[in-house]
Every structure is written in C-alpha cells, then in structure tokens.
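As structure tokens, the structure follows; a few thoughts come after it.
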There are 2 protein chains.
Amino acid sequence: MKRPTMADIAREAGVSKGAVSYALNGRAGVSDETRRRILAIADQLGFRANSAARALAGAQAKVVGLALPRPPATLGVEPFFMELISGLEAELSTRSYALLLQTVPDETGEIGLYRRWWSESRVDGVLVCDLRVHDQRVTILRELGLPAVVIGPPSSAGGLASIWSDDQISMTEAVEYLVALGHRRIARVGGIPRLAHTAIRTRAFGEACERLGITEATTVSTDYTGENGAQVTRALLCRQARPTALVYDNDIMAIAGLGVAHELGLRVPADLSIVAWDDSPLCRLVGPPLTALSRDISAHGVQAARMLLSAMEGSPVEDVHDEPAHLSPRGSTAPPPQGSRP
Amino acid sequence: MKRPTMADIAREAGVSKGAVSYALNGRAGVSDETRRRILAIADQLGFRANSAARALAGAQAKVVGLALPRPPATLGVEPFFMELISGLEAELSTRSYALLLQTVPDETGEIGLYRRWWSESRVDGVLVCDLRVHDQRVTILRELGLPAVVIGPPSSAGGLASIWSDDQISMTEAVEYLVALGHRRIARVGGIPRLAHTAIRTRAFGEACERLGITEATTVSTDYTGENGAQVTRALLCRQARPTALVYDNDIMAIAGLGVAHELGLRVPADLSIVAWDDSPLCRLVGPPLTALSRDISAHGVQAARMLLSAMEGSPVEDVHDEPAHLSPRGSTAPPPQGSRP
DNA sequence: AGCTGGGGAAAAACCGCTTAAGTCGAGCCG
DNA sequence: CGGCTCGACTTAAGCGGTTTTTCCCCAGCT
C-alpha cells in the first residue's frame, strides 16, 4: 500500500504542490473554488501529511515530550502520573499532538534526554515534573530555547511557565482539621525530600503545627513507594508515644499505612487517623475510606497541556495557580483515643 | 543555539555529507582513518541526527506507538498499563526508540489512529492490547503492513505476532485452590466481556468449576473499574446463598471488593475468600494482603518490545508464550465458614 | 601502452513538505 | 492606454538526512 503524497493530489487536481500546501493549511493563495477541489481530492485519497516531512520543512513536529523521572518499577503503582497523562492526552489529542514518553533514571539522564530531543527536533515542547529545589533542568531548557511548562511550584521554575496548586494551603487545612479533632501527636510520612513540593509541604506542616502548638510533629522521608510507606508507618507506630494521626504524601503510602495499622491491631479511625494526599479512586475503595486531600489531577494535566501549546505558539504564558487540593473527610479520621488526649 | 548538522561536520572534516553519513552509520565507503576523524568531530560538536530528516529519507522514525483503549478516567487506577509501559520503555529506551502514547475512545478510534500513524509515517510499529474476540484491528494492521505485536492470546491475533500468558492455566489453578480449601459457592467478578482474554478466563472458570463439581459458579461482567467491582460485589454478597469465595479479574476490583466485605461486616478470609488477578504492590499493602494471580507485567512489556523491534527489522517473529500468572496465596483466602460447607 | 577493477570520496538525486520569490492576466486609475 | 496593484498560481529553493551515481586514482594484468 502506497501513501498518497501532496504530489499525487497536485497531479490529480492539476495544480502545483505549493497550491496544495496552501489549500490544506488554510492559507491565502488559492481561490475558494480550487481549495474546495483540493480538499475533496485529499479527503478522497485519505491524504495525511507526512509528519517527518512537515517537521523537516520547519513546521512543527506535533509532538510534546514528557520525561518520567521515576524508576520504572515505582511508576506502576503511582496513580498520579497515569492520571496526569490521561489529562494531557485528552487535550493534546484534540489538537492532534502526540505525547512522547520516556522514563529517565535521574536528573542527569533527563537533561540528556532534553538535549537529545532538542537536537533531534523530536519534540516541540516538554513538560517537566518533579521539580527539585534548585533544578538544573530549567536552566538547560531555557538555554536550549525549548518551550516548556513546569508542573510544580513557580518558586523553583526559574522563569519557565508553571502550573501548580498551593500545597501549603492544603497541608495547613489538613493539620488544622486534625488538630480540631483533638490530635496532638501528628506525624507525616513525606515524599522524596529533594523535590520542591515536598519541601513546601514539609515547611507548611512544620509551621502549621508550631502555630497550633503541636510540639510533637515529625516528618519522615520516603521514596513514595508503598513498601517504604509501610516500613516508616510501622516504625512510627511502634514508638513510645505513638502518633494518633498520620498524614501521608501520597495515597499509595496511606493505603499501605492502613494495612500496617490493621496488622498492628490498631483500629482506624478509633486508634489512629489517616490522611492521604491525592485522592485516586483507591482511597474510596479501601475500608475505611480514606480522608484525603483531593484534587483533579487529570484537569491539571489538561491545563498544563493547554499552557504548553500556547507557549509553543509563542504567546506569553502566565503561571497558572490551580485550585489547591482540598480535604475530603471520610472514614479514616476521627478524634484521637481518650487516653492520648492531654 | 543552533543544532549542528551533517553539513557542519562535513565542512569541518573537509569531506562530503555522504561520507559523514557513511561514517556515522558504520557503513563501508570511508577509510578507517576518515571515519575516526568524522566521529571525533561529530562527538565534539554534540551532533545528533535530526529524527525528522532521517525518517523522511526512508530510514526509521525510531518510534513505536501504543494506543490505550480505555477511557482516560479509568487508566489512572489500573496499574497494568503503567507497568506495561515501564517495561516497554525499559527496553525501547536502550535502543533509543521512543514510545508514542495516545488514548482512544474505542476500536474505531484506534483503527483511525493506526491509519493516521501509518500515513504520517509517525511510527515504525505498534503494540496492540485489549484484543477483542474478532478484532478488526489486526486486519487493518496487516493491510497497512505496519509491524505490530499483539499483547494477548494468539487465537485472536489473526496471524500477527503475539505475546501472551495462558490465562486458562492460571484460572484453573485459582479454582482448584479454592475448591481444595473447601469452597463450593464461587463467583467471579469478570472484566469486559468482549475482550479475548476475558472470554478465555470465563470459559476456563466455567470448565474448571464444572469439572470439580461446582454447580454454583457465576461470572458477572464489569468494566474493570473499582466502583463497578464494588457494586457487583455488593450484589453478589447480598444474595440468598452468598458465595464464599470471589475471584476478581483485576486487583483494583479485588481491593474494592475487600472494602465492600468490610462494609458488610464480613471477615476476610474467615467469611469470604478473595483472589485477585494481577499482583500490583497494592495487593500486598492492604489488610489482609490479597491472594493473587501474579505475573511480571513489566517483564511482559520488555519481551513485547523486543518482539516488536525484531518484527520491525523484518525478522520472522515467533509467538511468545510467557509464563502464566501463578497463584500467590496470602491472607485473603482460607477455608469457607463452617455453616456453608455441605 | 591499454584495459580492468576497485576502494575512497565527491556529487547529486531524492524523501515530502513549506515558503519565498516569480509569473501572469485581470481590473482599476489617472 | 500605460502603469500599477492584486489575486491566483507556479517555480524552485530549502529542511537534513540517505542512497545512488559518478569520478578519480592507482595497482595489477595482458
């Protein structure tokens, strides 16, 4: 089977390739009459512009890239990325952009990938996630002039357009809620510490606790995996004065934590309250359903894709401040057990 | 910043573009001496062949496509795809192939996507999953001559190379295990019925039950979502003579089912045994940990990518029969409650 | 001396599309 | 009626690779 080319259409319509190009791209230079004829023929032949040729001729590749900065093994369980991807996809596909995906082992690898994508002209723009506090990637991207949108706090975006939700607000809400329930010993199972949003959450957690007079407020770091979350939870719950409430940095760890609580014979929420961050359907499916900081990640993705598309068109793009995750109280939180109240 | 091109290298080295091409691609036609010089210069300039130009010149695009045939919303929770993707990625990235991802609403959309990918020369090959019993997609792909590997049973692959694990064996193992524990009323919460592997599992479930003299063996269909799984579970457990064991077609629904059991005051495994299919880390994290049919999806992905790569090279590719999912007994299965034994 | 053969490399064609520049006839104006 | 503008196309030059063809030079043979 042979692919039809513009030359075929031109021959068929008795015009030049150039005219066909103008007609197909909706540009001036051909009469409406001719345009219609060309479009009809193109349609009938099932013509599709060869993406390589188009990209080569200086137009866009119609591809955006997303580097996934987590080891492949941990990606599977983390619903965040898949939801983000489906949001991105939803927007990109309507504009017939494709999404190029690649996992990278670390920041260096990611920078190499951007360099390669750039020098191969493989993508028109990229989305950057998991921002570090001082992130080299933004520097490189600006240097390369590769359009990019950062999914993360603008404070670390180094001038690139960014979309984020204010984790400080959400964290504060969670802590206030727990304190209002009567909790005084609250611990946090945090994510990877070098990530910018983790830092923000850690600070917010600390500040909120201090403001509310909670002196026993620990944050323990993890790598976001369920195993690690379970491990840390176990350690926390075996302490002398165990916390009465745990705040997790993602939902997977929260679910793992729930499992550990069961295992140790602690009742949730009677003996232990649990708050998850990110509210995948899973949170509603476990027993008890988890109180979670929920936000619409997929919508986040849609928005990010939109921003990137307009950045690629060259229009100046404003940082977007998406709605912060808000607390959805469910069955996993309650006042602390009697004995542990002051 | 300007991208170095082959012309730049040629000028620098005082040779022609053609010589550079030969040198870089390790083909005959240049002396070792010249080749070394060219390679050195290319390296020093950080040269990367423009992927569009390369694709245009008839070489490969170095991209493989994966259409995700599920509504974006359900993708997030389903660990299967993400694990598959990370496996694919692991293999593809070592050979510097990129993975192009797109969600499609239905089979028609997917066929359209393949057509478009083909006519745009966007991909060198595709991976097909979620096979239907009589799947149109395989016909189209053969017609287009687009290299493809089917992730699913060869019976529905219509001659395309396929990689699969024998779900019949696994299903039989699960049923035998439950029956050996003493269960007599077993129900199955199945996946989307028009998918080929679902059909295979349904048949295997029915046959195994019949062979073992289990007369009350129902299969209920779902759309694989946790919600649907919960719903169906609720209905099954409210029946007159409720089943003492449930076999789920994925892990998400199994977890949802566990939640429902808790909600109804049934103890797992004392009152109800649960078997999950696909063993994401989640299964080990809930309480009790779920007995599951586990297989290495990521390895499956690696293998699939390898097959596709060799199919794209034109070598004949044998169907691969991956190891079937095998039962990992955990805390969610036990003999049925006393009263319900015959 | 003349012919052949072959290796190393230059030259040029080509892939399919975009786009600047050029052509040509029609319409308008002074 | 000459000169101009303008719309509708055509021409042709890239884009950055690959591949085919051509060319040159020199060794080897008759």
Side-chain angles (χ1 to χ4, degrees), chain A residues 1-39 41-42 45-63 96 116-124, chain B residues 1-39 41-42 45-63 96 116-124:
Chain A
M1 209 163 161
K2 173 93 171 50
R3 302 167 170 81
T5 72
M6 284 192 6
D8 298 330
I9 299 180
R11 198 175 331 105
E12 191 81 10
V15 296
S16 71
K17 282 191 334 184
V20 174
S21 175
Y22 291 140
L24 291 173
N25 293 315
R27 299 182 33 170
V30 286
S31 63
D32 282 3
E33 155 63 20
T34 313
R35 186 186 304 273
R36 255 193 299 279
R37 191 156 44 91
I38 292 177
L39 287 177
I41 295 177
L45 261 50
F47 170 82
R48 288 281 173 173
N50 179 312
S51 65
R54 172 172 272 166
L56 184 54
Q60 304 211 317
K62 290 275 190 178
V63 175
S96 55
R116 207 170 73 220
W117 277 350
W118 174 79
S119 53
E120 290 178 349
S121 304
R122 226 183 228 291
V123 301
D124 302 320
Chain B
M1 211 164 159
K2 173 91 174 47
R3 302 168 170 80
T5 73
M6 285 192 7
D8 297 330
I9 299 180
R11 196 173 334 103
E12 192 80 10
V15 298
S16 69
K17 280 191 338 182
V20 175
S21 175
Y22 289 140
L24 291 173
N25 294 313
R27 299 180 37 171
V30 286
S31 62
D32 281 3
E33 155 62 20
T34 312
R35 185 186 306 274
R36 255 193 300 280
R37 191 155 43 91
I38 292 177
L39 287 177
I41 294 177
L45 262 49
F47 171 82
R48 288 280 173 175
N50 177 312
S51 65
R54 173 173 273 164
L56 182 55
Q60 304 212 318
K62 291 277 190 175
V63 175
S96 55
R116 205 170 75 219
W117 277 350
W118 174 80
S119 52
E120 291 178 348
S121 303
R122 226 183 228 291
V123 301
D124 302 320

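Each chain gets a letter, A, B and so on, in the order its sequence line appears, and its residues count up from 1.
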When B:Ala53 and B:Arg37 are each assigned the nearest nucleotide of DNA chain C, the 5'-most assignment goes to B:Arg37
**Report entry** Check: A:Ser21 and A:Met6 side chains under 4.5 Å, non-hydrogen atoms
**Finding:** yes
Set out, line by line, the N/O atom pairs under 3.5 Å between protein and nucleotides 19-23 of chain D.
{"from": "D:dT19", "atom 1": "OP2", "to": "B:Arg27", "atom 2": "NH1", "distance (Å)": "2.6"}
{"from": "D:dT20", "atom 1": "O4", "to": "B:Tyr22", "atom 2": "OH", "distance (Å)": "2.9"}

Rounded to whole Å, CD of B:Gln60 lies from C1' of D:dG17 at a distance of 15 Å
Next on the checklist: Base, sugar-phosphate or nothing for A:Ser31? Non-hydrogen atoms, less than 4.0 Å.
Outcome noted: sugar-phosphate
The salt bridge (Lys or Arg N to Asp or Glu O under 4.0 Å) partners of A:Arg36 (sequence neighbours excluded) come to none
When rounded to whole Å, the CG to C1' distance for the pair A:Leu56 and D:dC15 reads 4 Å
Sorted by chain and number, sequence neighbours left out, side-chain hydrogen bond (donor to acceptor under 3.5 Å, both in side chains) with B:Thr34 holds for B:Ser31
A:Asp124 meets the side-chain hydrogen bond (donor to acceptor under 3.5 Å, both in side chains) criterion, sequence neighbours left out, with none
Across all chains, not counting sequence neighbours, the side-chain hydrogen bond (donor to acceptor under 3.5 Å, both in side chains) partners of A:Ser96 are none
side-chain contact (heavy atoms from CB on, under 4.5 Å) filter on B:Ala57, not counting sequence neighbours, yields none
Taken in chain and number order and not counting sequence neighbours, the residues that satisfy side-chain contact (heavy atoms from CB on, under 4.5 Å) with A:Leu39 are A:Leu24, A:Arg35
A:Asp32 CG to D:dC9 C1', in whole Å, measures 15 Å
Rounded to whole Å, CD1 of B:Ile38 lies from P of D:dG17 at a distance of 13 Å
Report task. Return no unless some side-chain N or O of A:Thr34 is found under 4.0 Å from OP1 or OP2 of D:dA8. Result -> no
A:Arg3 side chain near B:Ser121 side chain, heavy-atom distance below 4.5 Å
yes
B:Glu12 meets the side-chain contact (heavy atoms from CB on, under 4.5 Å) criterion, sequence neighbours left out, with B:Ile41
5'-most to 3'-most nt of DNA chain C touching chain B (<4.0 Å, heavy-atom partner on protein side) reads C:dG8 to C:dG16
The side-chain hydrogen bond (donor to acceptor under 3.5 Å, both in side chains) partners of A:Arg122 (sequence neighbours excluded) come to A:Glu120
**Message:** Considering every strand and a 4.0 Å limit on heavy-atom distances, what is the contact class for A:Val15: base, sugar-phosphate, or nothing?
**Reply:** sugar-phosphate
Taken in chain and number order and not counting sequence neighbours, the residues that satisfy side-chain contact (heavy atoms from CB on, under 4.5 Å) with B:Ser16 are B:Ala19
With five pairs defining each end axis, the helix from C:dA1-D:dT30 to C:dG30-D:dC1 comes out bent, to 10°, by 70°
Would you say B:Arg54 reaches D:dG16's phosphate, i.e. side-chain N/O to OP1/OP2 under 4.0 Å?
no
From CG of B:Leu24 across to P of D:dG17 the rounded distance in Å is 9 Å
